[in-house]
Amino acid sequence: MTTTETFEILQPYPIAEETFVIPWDLEAPPMGHFPMNSMVIRGSEPVLVDTGCPAVRAQWLDAVWSIVDPLDVRWVFLTHDDRDHAGNLLPVLAACPNATVLTTWFSLGRMAEEWETPIERCRFVNDGDTIDVGDRTLVAMRPPLFDNPTTRALFDPATSVLWSVDTFATNLPAPTGEIGDLGDDDFRDGQLFGGRLVAPWTAWLDSEKFSAVVNRFSSLGAAVIAGCHTPVLRGPRVAEAFDLLHGLPGVEPWQEFTQTDLDGWMAAAEQEAASGQG
Ligand SMILES: [Fe+2]
Ligand SMILES: [Fe+2]
């Protein structure tokens, strides 16, 4: 049985000991699909890593509570305040009275545009900080690519699992749980596209300075990388993904879709609708 056959959207799946990805998928025509994942570490003090998207709130909460009792959740590591990561924070806090939010000062301010996060339930975690969660000590680190200034990745030395947040984002031809299910071309094209989509300034970077940042991230020694917008990376794909990341400053920026593209898509949709009626 391959991973493809067992992969199901919103069905948590184990990626390492007591570590689960909650996968979701967003269709993104004409570029295929984007994963929209979150993660759970079910150690002695269970940790939710991000809180999923509001668009699938009920299903996401059901999926998470199928692997951890909300009363047992002790920590919510919020990588940043973007909606695909913080979208279900308040329902999570309501369901998990024993949980503390690991976040940043700036994230709290940014979320205050929409809701008030109970500050007495928060702890600030900055780049390089460690968090003792009972049976393991997690490491927070700013990842090399991000689309929000508050972003912190999370490394679990107990399992060598790295949550890379928005780094290693990729589009996919179809929903996919493990990156090994992707061919070489789709893997490379997806990494280069996702990286430039998340961080459209990569062509402005000083390659040497950026490589030092990438090296700091890779020196965590992750054996398994999970992220919000990537299938799980492991084996040779880990080093290959870091190599592609190193090369991003040398790649031309991605040219965004234009109004002409949108007009074309709308015309095609109208034509399809008309032929459906005929
Ligand atoms: Fe983000
Ligand atoms: Fe994201």
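We count ligands from 1, going down the list as the structure has it; atoms in each ligand are counted the same way. These numbers come from the heavy atoms of this one structure, side chains and all, not from hydrogens, waters or symmetry mates.
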Enquirer: So, Thr202 versus Trp204: side-chain donor-acceptor pair below 3.5 Å or not?
Expert: no
Enquirer: If a pair satisfies salt bridge (Lys or Arg N to Asp or Glu O under 4.0 Å) and one of its residues is in residues 15-31, list it, with sequence neighbours excluded.
Expert: Glu18-Arg42
Enquirer: Regarding Trp24 and Ser38, is there a side-chain donor-to-acceptor distance under 3.5 Å anywhere?
Expert: no
Enquirer: Which side-chain N or O atoms in residues 84-106 pair as donor and acceptor under 3.5 Å with protein atoms at least two apart or in another chain?
Expert:
residue: Asp84; atom: OD2; partner: His229; partner atom: NE2; Å: 2.9
residue: His85; atom: ND1; partner: Asp50; partner atom: OD2; Å: 2.8
residue: His85; atom: ND1; partner: Thr79; partner atom: OG1; Å: 3.3
residue: His85; atom: NE2; partner: Asp166; partner atom: OD1; Å: 3.0
residue: Asn88; atom: OD1; partner: Arg57; partner atom: NE; Å: 2.6
residue: Asn88; atom: ND2; partner: Thr51; partner atom: O; Å: 2.8
residue: Asn88; atom: ND2; partner: Cys53; partner atom: O; Å: 3.2
residue: Asn98; atom: ND2; partner: Leu71; partner atom: O; Å: 2.8
residue: Thr104; atom: OG1; partner: Ser107; partner atom: N; Å: 3.1
residue: Thr104; atom: OG1; partner: Ser107; partner atom: OG; Å: 3.2

Enquirer: Going by the rule side chain to side chain contact (heavy atoms under 4.5 Å, CB included), which residues pair with Asp206 if we only count those two or more places apart in sequence or in a different chain?
Expert: Glu208, Lys209
Enquirer: So what's near the Fe ion (ligand 1), protein N, O or S atoms under 2.8 Å?
Expert: His80 NE2, Asp82 OD2, Asp147 OD1, Asp166 OD2
Enquirer: Indicate whether the side chain of Asp263 and that of Thr260 have a donor and an acceptor atom separated by less than 3.5 Å.
Expert: no
